[in-house]
Colleague: 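Starting off with a structure, shown below.
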Amino acid sequence: LKPLTAETAKTLIVAYLNREQTTPTKTIKPFTDKSIEQIFRSGSENKRCIITLCSQATDLLADLECEFIDSAVFQRVVR
C-alpha cells in the first residue's frame, strides 16, 4: 500500500463525512484546509487515528454549536 499523503487524507475525510450525509459532496466542510493539515500531522499519517480525530472534532463542533472546525476548534480536540 502507498503511504497516506495530505491529499489522500483529505479524500479519506471527505469519504468519512459522506457516510453520514444524506447528499454526498466533494467538500471538506465543516473542516478547513488548516484543520485537515493539523489532523493529518496529529494522526501520524495513520488512517485510523485520522478518522478518530475527525470523529472527536465533529462531536466537539456539535457541542460548541460552531459552523466550522478550524485550528482553534481542533486544538481543543488534541488537548
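Side chains included, hydrogens not; waters and symmetry mates left out as well; all remaining heavy atoms used.
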Colleague: Applying side chain to side chain donor-acceptor pair (under 3.5 Å), can you list everything that pairs with Thr32, at least two apart in sequence or on another chain?
Modeller: Ser35
Colleague: Quick one: which residue pairs count as a side-chain hydrogen bond (donor to acceptor under 3.5 Å, both in side chains) with a foot in residues 57-76, not counting sequence neighbours?
Modeller: Gln38-Ser71
Colleague: Using the salt bridge (Lys or Arg N to Asp or Glu O under 4.0 Å) criterion, which residues pair with Asp33? Sequence neighbours excluded.
Modeller: Lys10
Colleague: So do Leu60 and Phe74 actually touch side chain to side chain, heavy atoms under 4.5 Å?
Modeller: no
Colleague: Suppose the criterion is side-chain hydrogen bond (donor to acceptor under 3.5 Å, both in side chains): which pairs have a residue in residues 12-27, not counting sequence neighbours?
Modeller: Thr25-Thr27
Colleague: Tell me every residue that passes side-chain contact (heavy atoms from CB on, under 4.5 Å) with Glu45, counting only those two or more places apart in sequence or in another chain.
Modeller: Phe40
Colleague: Holding to side-chain contact (heavy atoms from CB on, under 4.5 Å), I want the full list of residues that pass it with Cys49, two or more places apart in sequence or in another chain.
Modeller: Asn46
Colleague: What residues form a side chain to side chain donor-acceptor pair (under 3.5 Å) with Thr8, not counting sequence neighbours?
Modeller: Thr5
Colleague: Are Ile69 and Leu64 linked, directly or through intermediate hydrophobic residues, by side-chain heavy-atom contacts shorter than 4.5 Å (ILVMFWY only)?
Modeller: yes
Colleague: Find out if a path of hydrophobic residues (ILVMFWY) with successive side-chain heavy-atom gaps under 4.5 Å connects Val78 to Val73.
Modeller: yes
Colleague: Listed by chain and number, what are the side-chain contact (heavy atoms from CB on, under 4.5 Å) partners of Ile13, not counting sequence neighbours?
Modeller: Leu17, Phe31, Ile36, Ile39, Ile50, Cys54
